[in-house]
Amino acid sequence: QPVLTQPPSVSAAPRQRVTISCSGSSSNIGNNAINWYQQLPGKAPKLLIYYNDLLPSGVSDRFSGSKSGTSASLAISGLQSEDEADYYCATWDASLNCWMFGGGTKLTVL
Amino acid sequence: QVQLQESGPGLVKPSGTLSLTCVVSGASISSDNWWSWVRQPPGKGLEWIGEVSHTGSTNYNPSLKSRVTISVDKTKSQFSLKLSSVTAADTAVYYCVSSLLGVGTFDYWGQGTLVTVSS
């Protein structure tokens with residue numbers, strides 16, 4: 001059971017908006033910044049959001065992140081077929097003394 | 001352009017030691033950043049293995065700590081992973097990762113290298 005809980009899958013139609021949740025506790029999300037990664041099939045993960053809501057250079061502003069308490073969310077607006085991928089949240093867990101990844105969420109664009 | 005490139009044997013025997021190296025280009029491995037290893041078993045999620053700083057300080061995943069050594073060689077602009085006493089459960093794609101934007105940002109990833117543990 002991952003420390004960070006994500007839904008195994010989400011789906012939405014093109015041009016729609018979808019959100020992916022990441023639920024944790026006070027030892028991780030509640031007191032540390034969260035990052036989000038996109039992993040296209042057969043590729044290495046790519047940083048999408050860092051420090052809760054910051055976009056790295058070159059990442060589309062269709063992606064946005066937020067955090068509240070012990071949960072965080074990744075939102076993708078204007079869905080495109082190329083957004084089909086696995087998405088992971090990650091943060092530091094102070095109890096485990098470890099960087100932790102969520103179990104991942106597979107996004108399907110219908 | 002920051003690039004990381006993993007190299008090492010793709011096949012390791014059970015009970016042996018997995019050894020990988022990551023060469024860094026486009027960024028200084030001597031800068032005040034952390035350099036990590038992350039792995040992904042086939043069809044599964046991501047697992048952080050550990051990290052090393054430019055000074056050689058390390059942090060390891062507690063679940064792997066007894067078997068892991070990560071080191072840095074600034075003269076060669078590379079850092080390395082050794083994982084001992086491997087079993088089939090250590091079969092995975094291994095990624096080397098930088099955190100240049102900040103602590104734990106994991107912003108640049110190598111392409112990954114598949115290591116299979118099998119006799």
Side-chain angles (χ1 to χ4, degrees), chain A residues 1-9 20 22 24 27-29 31-59 65 67 72 85-107, chain B residues 1-6 20 22 24 26-27 33-53 57-68 70 81 92-115:
Chain A
Q1 186 78 351
V3 169
L4 303 178
T5 302
Q6 298 181 235
S9 63
I20 297 172
C22 179
S27 67
N28 43 66
I29 297 176
N31 284 286
N32 295 286
I34 194 155
N35 306 319
W36 290 92
Y37 304 86
Q38 176 194 60
Q39 187 175 31
L40 296 170
K43 300 293 187 181
K46 169 189 173 184
L47 178 66
L48 279 183
I49 300 287
Y50 68 105
Y51 290 177
N52 303 325
D53 58 8
L54 300 181
L55 265 67
S57 175
V59 172
K67 189 183 96 166
D86 293 323
Y87 292 84
Y88 294 90
C89 58
T91 188
W92 177 258
D93 190 292
S95 293
L96 299 174
N97 275 327
C98 188
W99 292 104
M100 301 299 298
F101 289 90
T105 298
K106 182 175 182 59
L107 169 63
Chain B
Q1 178 74 355
V2 178
Q3 292 187 318
L4 293 86
Q5 180 67 57
E6 307 91 349
L20 296 174
C22 179
V24 178
N33 299 111
W34 289 85
W35 308 88
S36 294
W37 289 95
V38 174
R39 71 179 182 178
Q40 185 173 36
K44 296 187 178 181
L46 302 167
E47 180 181 36
W48 176 74
I49 299 170
E51 62 189 357
V52 63
S53 75
S57 297
T58 54
N59 294 306
Y60 298 134
N61 186 323
S63 70
L64 298 169
K65 188 173 184 177
S66 63
R67 300 193 290 130
V68 174
I70 298 176
L81 168 69
V93 174
Y94 286 76
Y95 296 99
C96 57
V97 191
S98 68
S99 291
L100 304 181
L101 290 174
V103 176
T105 49
F106 304 135
D107 35 50
Y108 290 94
W109 296 64
Q111 66 184 20
T113 186
L114 174 63
V115 179

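Chain naming here is simple, since letters A, B, ... match the order of the sequence lines and numbering starts at 1 in each. Source: prediction; values computed, not measured.
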Heaviest contributor of heavy-atom pairs below 4.5 Å to chain A, chosen from B:Gly112, B:Gly102, B:Gly50, is B:Gly102
Is chain A contacted by the side chain of B:Val103, its backbone, both, or neither, given a heavy-atom distance below 4.5 Å?
both
Please find the pair of heavy atoms, one from B:Gly110 and one from A:Ala44, that lie closest to each other, and give the distance.
O-CB, 3.3 Å
Tell me which donor-acceptor pairs, judged by distance alone and kept under 3.5 Å, run between chain B and chain A, one pair per line.
| residue | atom | partner | partner atom | Å |
| --- | --- | --- | --- | --- |
| B:Gln40 | OE1 | A:Gln39 | NE2 | 2.8 |
| B:Gln40 | NE2 | A:Gln39 | OE1 | 2.9 |
| B:Gln40 | NE2 | A:Tyr88 | OH | 3.3 |
| B:Glu51 | OE1 | A:Trp99 | NE1 | 3.4 |
| B:Tyr95 | OH | A:Gln39 | NE2 | 3.3 |
| B:Val103 | N | A:Tyr51 | OH | 3.1 |
| B:Gly104 | O | A:Asn35 | ND2 | 2.8 |
| B:Thr105 | O | A:Tyr37 | OH | 2.7 |

Test log, rule side chain to side chain contact (heavy atoms under 4.5 Å, CB included), inputs B:Leu101 and A:Leu54:
CA-CA 11 Å; B:Leu101 290 174; A:Leu54 300 181; over 6 Å; no
